[in-house]
Structures are given as structure tokens and as C-alpha cells.
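The structure displayed is predicted, hence computed values, not measured ones. Counting from 1, the numbers follow the sequence of the chain as shown.
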Amino acid sequence: MEGVVIRRQTVEVNGISMHVAEAGPEVDAKGAVLFLHGFPELWYSWRHQMEHLAIRGYHCVAPDLRGYGGTTAPPDVASYTSFHIVGDLVALLNTLGIAKVFLVGHDWGALIAWYMCMFRPERVTALVNTSVAFMRHIMIRTGPDFVNPIEYFNRAYGSNYYMCCFQEPAVAEKQFPPAHAKRLMRQLLCHCFSHGVFCDEEMDDNKFPTSPLPPWLTEADIDYFVTSFEKTGFTGAINYYRNLDKNRELAAPWADAKVQVPTKYIVGGGNITYNFEGIQEYIHGGGFKEDVPLLDEVVDIPGAGHFIQQERAQDVSDHIYDFIIKF
């Protein structure tokens, strides 16, 4: 990140220690941008967007979320609900003295961003979400015929679907040992969650051992992630999936709520989440706009995969800036 200084600190928030990366001016900034990463990533996933916005006068804040990197990973699975994660973020803003933010999310970070916009909309000026659309039937318990998310994914994609496999601690931890972090990160970033690949194939040592990296990823980038996950393991990250059903229950009071925050949504055409059953009809057929009345634009980047903020860094950076500059 030439020309942009990344400041690091660890702050105490909501009963945990949170590692936070910041860039750009803190005083007289055009606004603060809070970046939320997904699975299995870190604040580092937003390095390109932080540089882009910092040099344009924005105060960029990108934490390692609970369970990741330099942030505390509580041992209890129940400590990874949407209430906990949103609570961490509100406490972080309070600690940094930030009243409102432009919120930017990807993957699980996008899911948390939707929840934050419902739970605490007064802290969000506008939202740019990538990868995961607002999915009421997955996120919120509604109606007498509701189906829990894990049951839904089991019915739709089978018991070997990665979200279903993640529910069993012994199975998931055996599949994601920290000692194999380098192989896993190469496979996850380069071969999973994009272009119809669910990542439910066997994660054995002989898969993709020396495959070339795509042009948007360097060995140094891989090493940054690997160094972290070798230390922490993947349990904290996987625990988010183990709270999908609980999150839906907790969100029941918001069953009829709209996301009343100005929003832009960006997705890659090859993203696994863009190919969920019925999701494109929902996004483009009016359902998404009904649930998110202030939806300004849906951007489909043809050919892009799941890790879109890294794969199409300039496009995503431009889209974020072009949207938040309106406010």
C-alpha cells in the first residue's frame, strides 16, 4: 500500500480485545468507512479499498472480527451470534469516537452489515454490501412455516454442503487444521465459493499444491493470511456458521423490518451466493428492493468470483467511492 500508512492498534470492546487497522485522516476526514471482512479472511482483504479511500480523505477502519487474527476468539460457540458481532462494532465506534459510518461488507461481513443496519441504523450513513444479499428467509425467523437456515441448505444442497458440514466441530476442525493453513488458504481463495464451486470436495494434501495464483493475489498476500491462521486456527471463523440458526431466532423481533439505509449492492456473476436457488429472481425481480427500499443500485460484475474486493479491486473501490461521495 504505497503512500498510505496503515495504523494498528488493539482496543478493548464488548469484553474482548479487537485488532484494528486504520488509514486516512482521523481529523477533518470526509467521513469514516467501516470495513467488515468475511470467511476466511482478515482486515487485510480490504487493503486496496482502504488505500483508495484514504487518499481521498476518508478515515478507514478495518477490524479483524471476533474470532479472527489479532482479535479475541472466545471458546464458546454461543459467543459468535449476530448480537455479539454487532455489539463489538458499536463498541468499537464508541471507543474510536465515531458517531456514524459508511459501512462496507463482504461475505459474513455483509451478513453482519445487514444485521447492523436493522439493529442500529442510526450508526450507519450508507451501506455498500458485496457478495451476500439481504435474505430475509435465511436471516430472520418469520411465519409459522419457517425453516432454519441449516435445514434449508441441507434440503437444497445436501448434507455435504460446507455450511452443513461446519456444524459438527470434530468434522470441521479435522478438515481445517491450522498446520495446513497454507494449503487451505490457497484452495479457499483460488478455487472455492466461485463459479459454482461449493468447496465440499475433499480438502486433501494433494489438491492444488502448486497451482499458480491468479493475477490479483501474490504469495505475500497468501502468507499474510497463512501466518494468522497458523496461529489462531479456523474455529473462531467457523463458529459464525454454527450460529446461523441462532441468529435467525434472535432476529425474530425484526421479522417485518426494512433495511432503511441507503444501499449499493455489488456481486460477481460467478459468486456462489449469486447462484443460490431463487436469489437472482429476488435481487432483480423486486423482492430485494421491497426489503431494502433505499437500494440505489445493484452492480453485477460479469466473470467476477467470490472474493470480489480483491479480485476486482479497482472496480469495487470505484463503486464504493462513487456511492459514498453522494452523502
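Salt bridge status for Arg242 with Glu173: present, with a side-chain N to carboxylate O gap under 4.0 Å. Salt bridge Asp223/Lys182: present, at least one basic N to carboxylate O contact under 4.0 Å. Under a 4.0 Å N-O distance rule, the pair Glu219/Arg186 qualifies as a salt bridge. Ion pairing of Glu26 with Arg7 is present here, as a side-chain N (NZ or NE/NH1/NH2) and a carboxylate O approach within less than 4.0 Å.
If you run ring pair (Phe, Tyr, Trp, His ring centres under 6.0 Å) between Phe276 and each of Tyr152, Tyr282, Phe153, only Phe153 comes through. With Ser45 as reference, Glu41 is the one residue of Arg47, Gln49, Glu41, His48 to meet the side chain to side chain donor-acceptor pair (under 3.5 Å) rule.
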Check step by step if ring-ring contact (aromatic ring centres under 6.0 Å, His included) holds for Tyr240 and Trp108.
CA-CA 8 Å; Tyr240 283 65; Trp108 256 104; 5.4 Å; yes
Mind running ring-ring contact (aromatic ring centres under 6.0 Å, His included) on Tyr162 and Phe176 for me, showing each step along the way?
CA-CA 12 Å; Tyr162 75 99; Phe176 287 82; 9.2 Å; no
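A ring-centre distance under 6.0 Å is not found for Tyr224 and Phe229. Ring centers of Tyr241 and Phe39: under 6.0 Å apart, within the cut-off. Ring centroids of Phe225 and Tyr44 are separated by less than 6.0 Å, placing the two rings close together.
Here the side chain of Lys264 pairs no donor or acceptor atom with the backbone of Ile320 at under 3.5 angstrom. At least one donor-acceptor pair under 3.5 Å links the side chain of Gln167 to the backbone N or O of Met163.
Shown here is Gln260, whose CD atom has more than 12 heavy atoms of other residues, nucleotides or ligands within 6.0 Å. Other residues, nucleotides and ligands contribute more than 12 heavy atoms inside 6.0 Å of the NZ atom of Lys100. Within 6.0 Å of CD on Gln9 lie more than 12 heavy atoms contributed by other residues, nucleotides or ligands.
Each salt bridge (charged side-chain N to carboxylate O under 4.0 Å, His left out) pair with one or both residues in residues 75-93, not counting sequence neighbours, appears once here: Arg66-Asp88.
With sequence neighbours excluded, the residues forming a ring-ring contact (aromatic ring centres under 6.0 Å, His included) with Tyr115 are Phe119, listed by chain and number.
Between atom CG of residue Asp291 and atom CD1 of residue Ile283 there is a gap of 11.5 Å, rounded to the nearest 0.5 Å.
In this pair, Phe102 and Phe327 present their aromatic rings tilted. The plane angle is within the 30 to 60° band.
If you check the side chains of Thr81 and Asn247, you find no donor sitting under 3.5 Å from an acceptor.
Heavy atoms only, all atoms of each residue included: Leu188 and Pro40 are closest at CD1-CG, 3.5 Å.
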